[in-house]
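Presented below is the structure to which this report refers.
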Protein chains: 2
Amino acid sequence: MSAYHELRAHLRQTAALSEVAGRLGWDQQTVMPRGANGQRAEEMGAMEDVLHARRTDPALGDLLEQAEAPDTVGTAILREAKRDYARNTRVPARLASELARVTALAQTAWEDARANDDVAAFLPWLEQVVALRREEGHAIAQGGDAYDALMQDYEPGSSAAQVAAIFDRMRPRLVDLRDRILGAPTPPALQGHFPQEGQLRLAHDLARRFGYDFERGRIDLAVHPFSSGSGSDVRITTRVATDDPFNCLYSTLHEVGHATYEQNIDPDYALTPLGHGVSMGVHESQSRIYENQLGRSAAFTGWLFGAMQSEFGALNIDSADAFHAAVNRVHQGYIRTESDEVQYNLHIMLRFDLERALIDGSLAPSDLEEAWNTRFRADFGFAVDRPANGVLQDVHWSVGLFGYFPTYALGNIYAGCLNGTMRADLPDLNQHVAKGDLSAATGWLADRVQRHGGLRPSVETIAHACDGTPPDEEPLLAYLEAKFGAIYDL
Amino acid sequence: MSAYHELRAHLRQTAALSEVAGRLGWDQQTVMPRGANGQRAEEMGAMEDVLHARRTDPALGDLLEQAEAPDTVGTAILREAKRDYARNTRVPARLASELARVTALAQTAWEDARANDDVAAFLPWLEQVVALRREEGHAIAQGGDAYDALMQDYEPGSSAAQVAAIFDRMRPRLVDLRDRILGAPTPPALQGHFPQEGQLRLAHDLARRFGYDFERGRIDLAVHPFSSGSGSDVRITTRVATDDPFNCLYSTLHEVGHATYEQNIDPDYALTPLGHGVSMGVHESQSRIYENQLGRSAAFTGWLFGAMQSEFGALNIDSADAFHAAVNRVHQGYIRTESDEVQYNLHIMLRFDLERALIDGSLAPSDLEEAWNTRFRADFGFAVDRPANGVLQDVHWSVGLFGYFPTYALGNIYAGCLNGTMRADLPDLNQHVAKGDLSAATGWLADRVQRHGGLRPSVETIAHACDGTPPDEEPLLAYLEAKFGAIYDL
């Protein structure tokens with residue numbers, strides 16, 4: 001057997017074990033008995049140890065040196081596998097293990113701190129996590145920038161400088177748009193009681209219309225919506241608030257975007273380094289375009305308006321235009337995950353600047369709350385009322401996800417590019433979408449983006465889909481200005 | 001760290017990984033999307049490879065040689081771990097891997113063969129499985145008896161000679177009892193339509209009454225009822241036939257017996273070699289005593305008669321005595337799993353003799369069908385009508401489970417012993433059981449048997465529970481003769 005084939009076998013087994021570990025996470029958040037928590041932590045720890053040993057196995061290093069790629073797929077596999085191996089072997093086992101231990105405890109501490117609005121109780125944990133991740137960043141960077149190194153875990157090929165430049169160009173136009181919207185009359189919100197059974201029936205219908213394959217997936221209830229798994233077992237979760245059906249329906253569309261990306265990857269790439277989404281940014285581009293550019297389009301909300309009346313009876317909103325405005329309501333708020341398309345990226349910019357400063361040491365964890373509050377007032381024009389609505393709102397920093405936040409904004413930007421190219425390619429798209437038929441759109445995305453998995457780095461993946469044009473923020477901004485200009489009659 | 005503590009850490013991680021692998025099996029049979037079958041096979045194969053490597057790790061062998069047990073628990077852990085290590089390292093990796101591959105294929109071949117009553121199609125697979133397991137038995141036995149060696153996988157400490165002697169003593173009394181029953185009038189069967197929702201509600205109620213802890217378990221639907229997991233995550237499944245509620249209810253009680261055994265083991269033994277049932281025979285003793293000696297007792301069926309009327313309305317049977325007779329109906333039949341308490345062990349004796357002959361080579365696989373049919377007519381007094389009701393009815397031989405069948409009969413025998421001692425200890429037991437209160441019985445079993453897990457070998461486990469008396473068949477036979485003598489007025 002050639003080194004290349006031995007390498008493929010090694011990677012394949014690791015990928016299969018990684019799927020198993022991922023499914024433990026799904027199980028824990030959907031069906032696991034409550035009393036199994038302690039035992040489950042040991043089970044997951046044991047799987048992590050097995051995976052870590054395989055990912056840093058010197059025999060794997062030898063194979064990566066010796067293997068010769070027979071084709072372009074093989075070249076891409078080697079590229080991804082070599083990057084992962086270099087990253088994993090640069091982090092001392094002691095540090096990796098300490099990070100796993102501390103972040104598990106820090107997440108619980110964060111949950112308690114958020115529940116009690118107690119920043120001081122979380123501070124010692126934050127200090128440890130920042131110190132460990134900074135150390136890890138430096139270990140990976142080998143003399144380069146630690147924050148840039150951490151970003152590679154989520155968006156390989158990205159850099160903080162490049163993201164900062166994009167954000168500098170986006171901010172004034174987003175702020176201007178937001179201010180004009182908030183100066184205009186606020187459209188009425190959807191109100192009423194929407195039984196769980198009807199919401200779930202409609203969520204399943206939406207998932208099917210957006211191309212989710214239930215032969216290789218399923219939808220369950222969980223506290224937080226997520227998508228899990230790759231290849232032929234990709235499961236999603238949703239949640240139901242009986243006074244707010246958009247929560248269930250749009251979180252379902254979001255997760256269906258993630259899940260169909262995984263389901264539609266070329267089966268030949270299954271259980272290889274190309275067999276899952278190439279980056280968090282490209283992943284988010286799929287979830288966002290499903291949820292926003294498609295799901296919140298006037299064409300689709302027109303169809304959904306009728307579907308909701310069929311499911312729930314008469315609504316408090318009586319026209320498709322008003323329904324479209326209700327779905328796309330822009331409102332002042334503290335919380336990133338509840339934000340609208342216009343303000344969402346402003347939430348990301350705030351976090352990006354603060355977490356860069358935490359990692360480069362120019363901001364001490366003890367000064368983070370004040371820095372957050374000052375920045376929030378400057379960016380959003382009103383004061384944070386309590387830490388749970390401010391610096392403690394997101395789980396990310398407690399579990400060490402520094403460098404992750406920018407991928408949400410990159411996902412929005414990529415989705416803007418894809419939407420522009422797709423609509424130019426499919427001029428009749430809205431006529432189908434208005435009938436609840438998404439197949440032309442999801443087929444286009446499957447062909448242009450999803451089936452390629454990790455074949456090309458993320459920027460090249462988007463450029464390939466957009467006829468060679470590399471991604472930038474302009475299509476997203478133009479889309480937002482046009483869409484919300486029309487809704488708010490600006 | 002001492003060798004003993006290093007050993008404990010090694011075993012603990014293996015046990016945690018084994019729980020993960022087991023839960024993949026649960027997932028596959030309950031919630032897995034249908035299209036995930038192929039990927040799941042790779043995931044399970046990867047877990048098996050990891051587990052096999054750990055279980056035959058030379059470093060484990062060194063630790064087992066060096067470790068000194070600090071107490072009786074440590075002595076038991078070393079006993080179990082040394083036996084497993086010796087067994088696993090005696091089997092060449094090539095043979096273990098070939099067995100896994102061939103039995104996976106043979107099981108599918110068996111399913112098809114049974115569906116088509118096609119013994120010839122299954123024969124080449126049976127020949128391979130018999131040859132491989134015989135080779136494995138000889139490798140483990142190291143000059144001893146191959147069938148005895150295979151029995152140790154399921155009932156350590158047992159031997160074919162000892163089981164054969166027990167069966168020789170049991171057979172005439174069981175045949176005599178069966179013949180007298182079949183000569184008496186047959187009681188009416190329960191008939192009607194029993195909706196799934198009501199059956200599942202009652203099954204959950206029964207599980208609670210028999211002590212199943214839903215904080216550390218759950219009940220799902222599956223094609224075959226089973227119990228899965230140990231420690232704080234022990235899940236069971238059931239199935240529903242709307243014309244036969246006893247199928248759901250008594251399979252639930254059976255699995256609750258298995259599951260509470262696992263749930264009630266001393267938490268200090270969790271993720272050690274003592275943290276699961278000590279043998280298949282002792283496991284089956286718990287499932288059988290829950291299902292039969294308790295669940296099919298007149299005291300309990302008296303309570304169940306009322307509970308079923310509450311759930312389903314009036315029944316076609318109008319007295320508690322007639323209901324008890326319907327629950328315990330003895331009838332001629334081909335199928336082991338549908339058999340009654342009286343004839344069940346006769347089905348086991350047939351299989352035991354045939355599989356011993358297959359392993360020692362005195363019966364060729366090509367002669368198995370004829371041997372089965374001849375023996376069945378001799379033992380049961382009527383002819384097998386088709387292979388699916390005869391030699392092809394059980395999955396066991398297709399997956400290599402030679403030496404497993406006798407543990408069902410040993411479980412019945414152990415249950416008979418436990419029932420005798422328990423009822424002598426708890427003279428008022430029936431008064432509580434008649435009110436649907438099983439706590440005294442399940443508490444007695446938890447204390448005498450279940451909490452000890454693998455601390456003592458199986459015969460010692462039963463003897464310990466029975467005030468020092470080693471198990472024999474007499475209590476079971478006396479129980480059956482008294483119970484069915486009363487029901488059939490013999």
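Throughout, a chain's letter reflects where its sequence line sits, starting with A, and its residues are numbered from 1.
- In this structure, chain A has no heavy atom under 4.5 Å from any part of B/Val234.
- Taking the six-membered ring for Trp and the full ring otherwise, A/Tyr212 and A/Phe210 have centroids separated by 6.0 Å or more.
- Side-chain contact between A/Gln29 and A/Thr237 is absent, with no heavy atoms from C-beta onward closer than 4.5 Å.
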* To do: For A/Asp205 and A/Arg201, run salt bridge (Lys or Arg N to Asp or Glu O under 4.0 Å): C-alpha distance rounded to whole Å, both residues' side-chain angles, the deciding distance at 0.1 Å, then the answer.
  => CA-CA 6 Å; A/Asp205 183 25; A/Arg201 193 160 38 226; over 6 Å; no
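- With chain B as partner, the option from A/Thr14, A/Leu24, A/Thr30 having the largest number of non-hydrogen pairs under 4.5 angstrom is A/Leu24.
- Residue B/Arg54: no heavy atom, backbone or side chain, is found under 4.5 Å from chain A.
- Residue contact with chain A, scored on non-hydrogen atoms closer than 4.5 Å, involves the side chain of B/Arg23 exclusively.
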* Starting from the C-alpha separation in whole Å, work towards a yes-or-no answer on salt bridge (Lys or Arg N to Asp or Glu O under 4.0 Å) for B/Arg55 and B/Asp84. => CA-CA 8 Å; B/Arg55 287 172 176 150; B/Asp84 289 346; over 6 Å; no
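- Contacts between B/Met44 and chain A at a heavy-atom distance below 4.5 Å are absent for every atom of the residue.
- Contact tally against chain A (heavy-atom pairs below 4.5 Å) for B/Ser232, B/Ala16, B/Gly35: the top residue is B/Ser232.
- Of the residues considered (B/Leu271, B/Asp49, B/Val31, B/Asp220), B/Val31 shows the highest number of contacts with chain A, using heavy-atom pairs under 4.5 Å.
- A/Ser230 and A/Glu19 share a side-chain donor-acceptor pair at under 3.5 Å.
- For chain A, no part of B/Asn37 is nearby; none of its heavy atoms comes within less than 4.5 Å.
- Side-chain contact annotation: A/Tyr290 with A/Thr260, donor-acceptor N/O pair under 3.5 Å present.
- When each of B/Ala36, B/Gly38, B/Ala21, B/Gly229 is scored by its heavy-atom pairs under 4.5 Å with chain A, the top score falls to B/Ala36.
- Annotation: maximal heavy-atom pairing with chain B below 4.5 Å, among A/Arg216, A/Met47, A/Arg40, A/Gln39, occurs at A/Gln39.
- Within the 4.5 Å cutoff, the side chain of B/Ile265 has no heavy atoms near those of the B/Leu274 side chain.
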